[in-house]
> 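Right, I'll just put the structure down here and ask away after.
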Amino acid sequence: MLASVKQLQVVNSFAQLPPVFYTPLQPQVLSNPRLLHANVEVARLLGLSETALSSQDFLDVVSGVKPLPDGKTLAAVYSGHQFGVWAGQLGDGRAHLLGEVVGPGGNWELQLKGSGRTPYSRMGDGRAVLRSSVREYLASEAMAGLGIPTSRALALVVSDDPVYRETVETAAIVTRVSPSFVRFGSFEHWSSSPDNLRLLVDYVIDHFFPECRIEGGNPDDDILRFLRSVVRKTAQLVAHWQTVGFCHGVMNTDNMSILGLTIDYGPYGFMDAFQVNHICNHSDTQGRYAWNAQPSVANWNLYRLASSLLGLGLDAEALKGELAHFEADFLQTYQSNLCNKLGLRQWQPGDESLVDDWWGLLHGQRADFTLSFRELAVAPQQPAAFVAGFDDKSAAQAWLDRYTQRLDQEARPVSERIDQMNSVNPVYVLRNHLAQGAIEAAEKGDASEIDTLLKLLRDPYVEQAGYEAYAAKPPEHACQLEVSCSS
Ligand code: AMP
Ligand code: MG
């Protein structure tokens with residue numbers, strides 16, 4: 001039975017940590033908050049009925065006017081490395097954790113983003129602009145549609161309040177949903193306070209990695225198993241990002257989920273034209289978080305996490321031993337995803353160069369990431385059309401010949417291969433210009449474009465009649481859209 005807001009069962013596991021981990025406080029309300037969009041799918045995860053989404057109680061909670069019933073509202077502290085440099089204390093500077101809903105299939109923390117200043121706001125105003133809030137709302141649902149681990153989005157609230165960035169924008173609040181918002185930076189924060197660090201490690205292992213506990217064993221081994229698991233989840237996550245052409249944009253350690261989820265959507269981008277060193281964040285002048293740098297940055301971030309665990313007296317060599325699994329973990333998911341995307345049954349020696357040359361071909365042409373994979377399914381049957389798409393026709397023909405020979409080794413029925421490829425190569429991804437269309441409509445109070453995008457992105461592998469424009473490359477004028485850290 002689906003519940004109303006008042007009937008939700010709410011617990012506060014994170015708030016059971018000692019008070020040094022957070023500050024209890026209420027959000028700062030916005031003027032005239034209005035519900036722009038509510039997500040029925042995520043509501044269902046929480047056990048919330050569809051009718052509850054149009055209630056005043058729901059609006060009050062997702063706009064921060066009233067706490068979640070039985071919830072303890074708080075802002076959490078953490079630290080982090082930003083762009084490779086230790087930044088010291090950060091924390092939820094514009095986010096409020098409302099509590100944890102006991103849903104039908106598990107527990108979900110609800111967190112408001114853009115809900116006002118906290119003791120961790122530093123110079124910030126505690127607000128989030130509607131533009132970025134729409135982008136976060138859509139991206140987390142697009143990721144979920146692709147089957148990639150992510151925080152989710154429950155509601156989007158808009159207001160009359162101005163926010164001052166490069167221009168004057170509108171304040172909004174997104175309600176994000178995740179089993180936990182604990183980050184690598186949460187551990188780094190306590191690297192010199194072993195007692196608190198141990199409390200955090202125990203909390204995270206007990207709640208999210210119970211399989212790492214072995215009764216009667218050495219407790220240090222539980223922590224090593226925990227690190228092993230975080231290495232695996234993080235490596236898998238980045239492999240998924242690479243193979244859908246997603247760039248996170250700000251892979252600082254404070255934006256790295258300890259659960260291996262995509263979190264803190266800022267200046268992210270799903271690539272249109274493929275470029276191996278594509279930088280999606282206009283503020284990332286050095287390209288630290290370029291597409292081809294993401295795996296090594298994730299590995300670097302894991303080193304920062306493991307370094308903080310040294311504070312518990314763990315053996316450095318043992319920690320390094322767990323970190324050393326990163327590359328193999330990454331490759332396992334990366335190769336398996338690429339096998340599926342290329343319609344191969346199994347990765348074989350030689351496939352690495354086939355894939356690298358594929359990337360090279362796409363890079364040379366700045367070919368569209370998503371469409372290139374989607375159209376590859378029929379390329380062996382329609383070689384002329386494939387080759388016509390490239391300026392360097394002989395390189396395209398040479399690659400296609402190798403690919404066709406490789407497929408021939410498997411002697412797989414063509415229609416089976418095409419169906420399988422179409423089930424993993426999306427037609428629709430959240431291209432920047434599509435998000436921009438939804439933002440512009442949202443700024444006029446119109447959520448219909450959000451609805452349209454959610455409909456397509458939830459089922460991104462299935463072509464829908466009448467939505468050809470959403471599958472197409474961006475129009476010329478939209479290729480220059482820039483996103484920055486300003487949000
Ligand atoms: P981000 O790069 O968005 O992950 O943010 C880094 C840090 O800055 C986090 O501690 C955020 O909470 C904080 N922050 C970002 N924007 C704001 C803002 N407008 N007001 C207060 N804090 C902010
Ligand atoms: Mg962040």
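Whatever order the structure lists ligands and atoms in, that order sets their numbers, starting from 1. What you see is a predicted model; the values in this text were computed from it and never measured.
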> Indicate yes or no: does an N/O atom of N255 lie under 3.5 Å from an N/O atom of ligand 1?
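Yes; at least one N/O pair falls below 3.5 Å.
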> Specify whether an N/O/S atom of N252 falls short of 2.8 Å from the Mg ion (ligand 2).
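N252 does not place any N, O or S atom closer than 2.8 Å to the Mg ion (ligand 2).
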> Any donor-acceptor pair under 3.5 Å linking the side-chain atoms of N12 with those of K72?
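Looking only at side-chain atoms, N12 and K72 do not form any donor-acceptor pair under 3.5 Å.
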> Write out the residue and atom name of the closest protein heavy atom to atom 10 (O) of ligand 1, then the distance separating them to 0.1 Å.
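Protein heavy atom with the smallest distance to atom 10 (O) of ligand 1: G91 O, 2.6 Å.
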> Mind checking whether Y120 has an N or O less than 3.5 Å away from an N or O of ligand 1?
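No: no nitrogen or oxygen of Y120 is under 3.5 Å from one in ligand 1.
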> Please determine if R127 has a nitrogen or oxygen closer than 3.5 Å to a nitrogen or oxygen of ligand 1.
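By distance alone, the answer is yes.
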> Might you check, step by step, whether the distance between atom 5 (O) of ligand 1 and some protein heavy atom is under 4.0 Å?
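No, no protein heavy atom sits under 4.0 Å from atom 5 (O) of ligand 1.
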> Closer than 4.0 Å to some heavy atom of G124 - which atoms of ligand 1 meet that?
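This gives 18 (C), 20 (N), 21 (C) as the contact atoms.
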> In the structure I gave you, are the side-chain heavy atoms of F58 and L48 within less than 4.5 Å of one another anywhere?
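Contact flag for F58/L48 side chains = yes.
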> Determine the sole option in N337, T150, T333 for which the side chain to side chain donor-acceptor pair (under 3.5 Å) test with H240 is passed.
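Passing option: N337.
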> For the Mg ion (ligand 2), what is the closest N, O or S atom on D264?
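Atom name returned: OD2.
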> Is R117 salt-bridged to D92, going by a charged N under 4.0 Å from an acidic O?
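Here R117 does not pair with D92 in a salt bridge, since their nearest N and O are not under 4.0 Å apart.
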> Any luck finding a side-chain donor-acceptor pair between S191 and E188 under 3.5 Å?
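No.
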> Test side chain to side chain donor-acceptor pair (under 3.5 Å) on S178 and W108; report intermediate values, then the result.
CA-CA 5 Å; S178 173; W108 299 94; over 6 Å; no
> Using a strict 4.0 Å threshold on nitrogen-to-oxygen distance, state whether D368 and R431 make a salt bridge.
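Judged by the 4.0 Å cut-off on N to carboxylate O distance, D368 and R431 do form a salt bridge.
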> Against heavy atoms of D264, which atoms of ligand 1 measure under 4.0 Å?
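The atoms of ligand 1 under 4.0 Å from a heavy atom of D264 are 4 (O).
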> For atom 8 (O) of ligand 1, what is the closest protein heavy atom, and at what distance to 0.1 Å?
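Answer, as residue, atom name and distance: R122 NH2, 2.9 Å.
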> With heavy-atom distances below 4.0 Å as the criterion, list the atoms of ligand 1 near Y78.
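Near Y78, meaning under 4.0 Å from one of its heavy atoms, ligand 1 has 9 (C), 10 (O).
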> How far is atom 19 (N) of ligand 1 from its nearest protein heavy atom, and which residue and atom name does that atom have?
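Going atom by atom, the protein heavy atom closest to atom 19 (N) of ligand 1 ends up being D125 OD1, 3.0 Å.
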> Can you sort out which atoms of ligand 1 are near Q82, meaning under 4.0 Å from one of its heavy atoms?
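That gives atoms 6 (C) of ligand 1.
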> Heavy-atom contact check, 4.0 Å cutoff: does Q89 meet ligand 1?
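Distance cut 4.0 Å: Q89 fails for ligand 1.
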> Looking only at protein heavy atoms, which one is nearest to atom 20 (N) of ligand 1, and what is the separation?
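Protein heavy atom at minimum distance: G126 N, 2.8 Å.
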> Does the cation-pi check pass for R135 over Y268, that is, NZ or CZ under 6.0 Å from the six-membered ring centre and within 45° of its axis?
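Yes, R135 and Y268 form such a contact.
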> Can you find a side-chain donor-acceptor pair between S448 and D446 that sits under 3.5 Å?
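Judged by distance alone, the side chains do pair up.
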> Do the rings of Y289 and F83 sit parallel, tilted or perpendicular, given the 30° and 60° boundaries?
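Tilted, since the angle between the ring planes falls between 30° and 60°.
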> Enumerate the atoms of ligand 1 whose separation from the nearest heavy atom of R165 is less than 4.0 angstrom.
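This gives 19 (N) as the contact atoms.
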> Considering only non-hydrogen protein atoms, determine which one is nearest to atom 12 (O) of ligand 1 and report residue, atom name and distance to 0.1 Å.
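Result for atom 12 (O) of ligand 1: G93 N, 2.8 Å.
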> What atoms of ligand 1 come closer than 4.0 angstrom to any heavy atom of L90?
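So the atoms of ligand 1 that pass are 10 (O).
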> Do any N/O/S atoms of D254 come under 2.8 Å of the Mg ion (ligand 2)?
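Checking the Mg ion (ligand 2) against D254, no N, O or S atom falls under 2.8 Å.
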> Any nitrogen or oxygen of N252 lying under 3.5 Å from a nitrogen or oxygen in ligand 1? Just yes or no.
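There is no such contact.
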> With side chains defined as the heavy atoms from C-beta onward, is the minimum distance between F226 and V231 less than 4.5 Å?
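Not touching, per the 4.5 Å side-chain cut-off.
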> For S180 and E109, work out which heavy atoms get closest and say how close.
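Closest approach of S180 to E109: CA-OE1, 3.5 Å.
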> Quick one: nearest non-hydrogen protein atom to atom 15 (C) of ligand 1, plus distance?
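Minimum-distance protein heavy atom for atom 15 (C) of ligand 1 reads R94 NE, 3.5 Å.
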> State if M123 counts as touching ligand 1 under the rule of any non-hydrogen atom under 4.0 Å.
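The answer is no, since M123 has no heavy atom less than 4.0 Å from ligand 1.
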> Using distance alone, determine whether S487 and ligand 1 share an N or O pair under 3.5 Å.
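The answer is no, given that S487 and ligand 1 share no N or O pair closer than 3.5 Å.
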> Between K473 and D272 (salt bridge meaning N to carboxylate O under 4.0 Å), is one present in this structure?
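D272 and K473: not salt-bridged.
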> Does the R34 side chain pair with the main chain of N32, one donor and one acceptor, at a distance under 3.5 Å?
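Here the side-chain-to-backbone pair exists.
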